[in-house]
Amino acid sequence: MLPLPFSRQPARLTLLALACLSGHSAFAEEPMQLDSLQVSGVQMSEVEAAREELKRVPGATNVVDMDKVVQGRVAGVADVLAYQPGVYAQSPGNEGVKISVRGSGINRGPGSHASGTHILLDGLPLTGSGGTPYELLEPLWISRAEVLRSANGFDRGALALGGAIDYISHTGYTAPKLQLRYEAGSRGYQKRSIASGQVLGDFDYYLALTDSHTDGYQDQASGKGKGIAANLGYRLNENLETRFYLRYRETEHETPGRLTKAQLKDDPRQAAAANRSIDAHRDQPGSTWLANKTTWQIDDDATLVAGLAYHHYPMDITETAYRGGAYRIRVDYSDISGTLNYTRRHSLFGLNSVTTLGLRSTTNLPSSKSKETAALPIDVNGTTYPAGTLMRDYEHLGSDNVLHLSNDTELAPNLWLTSGLALIYTRREAEVTWPATEDRLNEHSWDYAPRLGLRYQLNPDVQLFGNISRSVEPPHAWSMLWSSPLRFPTSNQPWSNRQSAAISLDNQTATTFEVGGWGDSMLGQWELTYYYSQVRHELLTVEIEPNVFAESNASPTVHQGIEAGLTSPLWQGGAAGALSLRQAYTFSDFHYRDDDAFGDNRLPGLPRHYYQAELRYDFANGFYTGLNTQYASKVAVDYANSYYADAYATFGATLGYNAPKGDWQTWLDLRNLTNKRYAATVTPGYNDNGTDAARSTPGEGFGVYTGVSWSWL
């Protein structure tokens with residue numbers, strides 16, 4: 001529950017009632033005897049309050065309640081983001097989930113830093129100039145997730161094509177005094193968690209420890225992780241609250257590599273030969289996120305929120321084979337981020353209005369450095385370089401700074417106009433410090449992103465909306481080095497003499513039109529959205545040789561689609577229970593606009609049709625059972641559209657029990673009942689000329705998972 005000083009709902013209802021009464025009496029010609037009116041405020045949960053807040057956004061959003069998600073296996077954020085219209089989230093069996101919103105990061109591999117969507121923790125930036133790491137996204141630490149698609153993440157400083165995803169931590173107000181949870185299942189899967197949260201006067205805390213292990217679906221795919229999260233809040237007075245956050249986590253997982261379609265059909269559990277031969281793996285030896293957020297309720301109409309976050313995330317990667325060998329990269333990233341948001345309710349030309357002024361800044365610290373060495377002996381032009389040979393030292397630094405101003409004005413009863421303008425200043429620096437060269441990339445750029453939207457409350461159960469906006473996404477600093485055609489020596493160059501220049505990349509920009517609505521009807525709670533984006537300089541990554549990737553600006557592209565969700569109460573039987581159906585469908589049409597090489601070809605990497613559904617029966621005594629399905633259409637695996645991964649459909653089932661007091665629960669989660677062999681994700685190539693290249697990461701086969709949770713409330 002929200003702390004009382006920051007929950008003014010009862011007071012607002014009382015003031016509204018008094019205003020209505022005084023207005024009525026002012027226009028009455030004669031004194032009137034009014035019946036007594038009693039106004040009472042009902043305290044909303046934080047999830048309910050978040051849903052109400054996002055209803056003020058003139059566009060498509062999602063709120064994920066973790067109380068629903070934890071009624072089954074929660075291995076990673078793919079489980080969190082299931083059944084969400086407009087969101088594609090698929091896991092290759094480890095934590096490197098591929099997340100795409102409206103085609104953002106469409107061809108990024110699942111094991112790399114995510115791009116195209118701005119990720120936040122408790123409203124503070126996690127995404128930096130190098131993208132979004134994933135090891136700190138432990139889902140058991142959060143109470144909810146908020147997805148604000150495209151420009152709808154504007155007020156959180158998110159200007160990327162995919163918008164924003166905000167993972168909100170538990171606090172002492174949302175967590176039980178003590179909670180123990182254990183999950184186990186197929187292929188050695190185990191997950192343990194112990195957590196505690198309480199409110200102690202003006203102080204509240206949440207503390208959680210988790211650890212997990214899996215042998216993985218494929219060979220060479222085992223993984224493990226452990227970490228701690230803390231959230232400490234203190235109310236200095238009725239108008240001022242400060243909150244401190246800590247996340248620390250270590251992860252290790254092997255990387256099995258991608259398979260051809262033939263390999264996937266023959267034995268999807270095999271690993272790519274090159275990955276197996278070099279013991280490919282990706283370790284995050286200890287990532288730390290420290291943050292503070294302070295909220296000052298200046299008066300009944302104005303709020304100021306200031307945040308500061310420090311993020312340290314080293315990596316040790318041995319993944320890629322080339323030139324007869326393999327490389328090992330050790331990266332030591334550090335970022336510091338700051339946010340400042342001022343919101344005020346006021347009158348504008350006599351109309352109700354809300355204005356927000358915000359600043360977001362994320363900067364790599366100078367300590368961010370990378371080292372590349374030979375993991376195995378490498379033979380180049382007859383010269384053998386032994387394992388451990390230093391290949392490159394390099395730096396890739398950057399900063400993103402966004403100043404945004406927005407306003408919501410009620411033009412007429414139930415009709416609101418939303419307007420905004422953001423300025424973004426980016427800096428990118430890249431340099432190879434060994435072998436020494438004179439090539440150093442140092443770029444600074446300004447850009448802008450306006451937005452304009454309308455929302456109309458047709459009736460208490462239906463809202464319609466529309467908006468037009470511009471998005472801006474700068475390139476990753478590391479991609480300016482790794483995308484260079486001079487990264488590798490030519491056939492007549494010795495290794496030590498190769499050039500190591502960086503390349504310049506333009507900001508990806510897009511103009512997006514969106515229209516839709518949401519409501520409650522006889523069919524249930526529904527939402528429906530259509531969007532159309534004209535994208536320029538789209539940052540697309542392509543595999544130029546096995547496990548070697550380059551990023552470049554594409555010719556003009558189009559992203560358009562339909563996003564639909566429906567939750568239907570099919571039958572309400574009172575003491576006999578209830579039957580419900582939830583569905584999510586996303587249609588995606590992403591293609592070139594008259595490209596010189598590929599014409600109007602589809603962009604590879606995502607299915608055009610993606611559908612998820614669950615039919616569930618809840619018994620009055622706390623038992624529940626459900627059947628679920630997931631369907632994805634075929635996926636192009638290269639830009640030439642010369643080859644496709646097959647369409648697939650999977651089915652699952654759940655059976656569980658939630659105690660009426662809410663103190664304990666248990667569940668059985670069956671995944672992929674038919675043991676379907678399919679590609680969960682595709683990492684595209686340039687032009688495979690119709691050959692069956694190794695582009696697919698297999699989805700998990702049939703699995704049985706169970707768990708139990710006990711809480712001291």
Side-chain angles (χ1 to χ4, degrees), residues 1-9 42-54 63-70 74 77 80 119-126 136-147 156 164-181 193-210 227-249 288-297 303-310 339 341 662-663 709-713:
M1 305 295 285
L2 291 173
L4 287 175
F6 296 95
S7 179
R8 303 179 176 271
Q9 201 70 7
V42 178
Q43 189 82 29
M44 291 189 294
S45 70
E46 290 194 352
V47 171
E48 292 169 336
R51 287 198 176 102
E52 289 300 312
E53 182 68 25
L54 292 187
V63 178
V64 181
D65 184 354
M66 284 300 295
D67 285 346
K68 305 294 184 183
V69 177
V70 295
V74 189
V77 293
V80 175
I119 306 298
L120 304 104
L121 300 176
D122 297 289
L124 301 173
L126 178 68
L136 292 177
L137 300 180
E138 168 52 62
L140 292 182
W141 295 344
I142 67 174
S143 63
R144 70 182 187 274
E146 301 176 10
V147 183
R156 307 199 189 191
I165 301 178
D166 198 352
Y167 297 100
I168 308 299
S169 302
H170 277 292
T171 68
Y173 294 92
T174 64
K177 294 178 183 177
L178 178 65
Q179 184 179 64
L180 305 175
R181 182 181 175 92
S193 173
I194 180 172
S196 174
Q198 286 194 77
V199 179
L200 305 171
D202 292 331
F203 174 80
D204 76 276
Y205 77 89
Y206 172 74
L207 182 66
L209 294 91
T210 63
I228 183 172
N231 184 339
L232 310 175
Y234 183 68
R235 188 176 58 192
L236 286 81
N237 57 52
E238 65 176 7
N239 296 316
L240 186 63
E241 179 191 63
T242 191
R243 190 167 293 277
F244 294 89
Y245 306 90
L246 163 67
R247 289 187 179 216
Y248 174 84
R249 196 152 181 267
T288 305
W289 191 76
L290 290 167
N292 172 266
K293 185 166 66 174
T294 299
T295 302
W296 178 23
Q297 191 78 34
T303 305
L304 182 67
V305 181
L308 184 66
Y310 166 76
T339 62
N341 288 279
D663 53 348
S709 174
W710 175 83
S711 300
W712 175 28
L713 303 176

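When a residue number appears, it is its place in the shown sequence, counting from 1. Please read all numbers here as calculations on a predicted model, not as lab measurements.
By the 4.5 Å heavy-atom criterion applied to side chains, His170 and Trp141 are not counted as neighbours. Using a 4.5 Å cut-off on side-chain heavy atoms (C-beta onward), Leu137 and Leu121 make contact. Taking the side chain as every heavy atom from C-beta outward, Ser193 and Glu138 never approach each other to under 4.5 Å. The side-chain heavy atoms of Thr339 and Leu124, taken from C-beta on, include a pair separated by under 4.5 Å. Phe244 is not listed as a side-chain neighbour of Leu290, based on a closest heavy-atom distance of 4.5 Å or more.
Summarising the geometry of Ala49 relative to Met44, their closest heavy-atom pair is CA-CE, 4.0 Å, with the distance given to 0.1 Å. Minimum heavy-atom separation, Tyr206 to Ala175: CD1-CB, 3.5 Å. Smallest separation of non-hydrogen atoms from Leu136 and Trp289: CD1-CB, 3.7 Å. Between Glu146 and Ala50, the shortest heavy-atom contact is OE2-CB, 3.4 Å. In this structure, Gln179 and Ser709 approach most closely via the heavy-atom pair NE2-OG, 3.6 Å. Summarising the geometry of Pro125 relative to Leu120, their closest heavy-atom pair is N-CD2, 4.2 Å, with the distance given to 0.1 Å.
Here the CG-CH2 distance, from Leu236 to Trp296, works out to 12.5 Å after rounding to the nearest 0.5 Å. Rounding to the nearest 0.5 Å places CG of Asn341 at 10.0 Å from OG1 of Thr295. One distance of note links OG of Ser143 with CG of Asp65; it measures 8.0 Å at 0.5 Å rounding. Rounding to the nearest 0.5 angstrom, the gap separating the CG atom in Asp122 from the CD1 atom in Ile142 is 9.5 Å. Once rounded to the nearest 0.5 Å, the distance linking OH of Tyr205 with OG of Ser196 reads 3.0 Å. Expressed to the nearest 0.5 Å, how far CZ of Arg144 lies from CG of Asp67 amounts to 11.5 Å.
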Take Leu140 and Val70 through the side-chain contact (heavy atoms from CB on, under 4.5 Å) test and state the conclusion after the steps.
CA-CA 8 Å; Leu140 292 182; Val70 295; 4.2 Å; yes
_Show, in sequence, the C-alpha distance, side-chain angles and deciding distance for Leu126 and Tyr167, and conclude whether the side-chain contact (heavy atoms from CB on, under 4.5 Å) test is met._
CA-CA 10 Å; Leu126 178 68; Tyr167 297 100; over 6 Å; no
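For the pair Ser711 (side chain) and Leu713 (backbone), a donor-acceptor distance under 3.5 Å is absent.
A donor-acceptor contact under 3.5 angstrom links the side chains of Asn292 and Thr294, judged on distance only.
Residues Asp166 and Arg156 are paired through a salt bridge, judged by an N-O separation under 4.0 Å between the basic side chain and the carboxylate. At a threshold of 4.0 Å, the pair Asp204-Arg243 counts as salt-bridged, since one of the basic side-chain nitrogens sits closer than that to a carboxylate oxygen.
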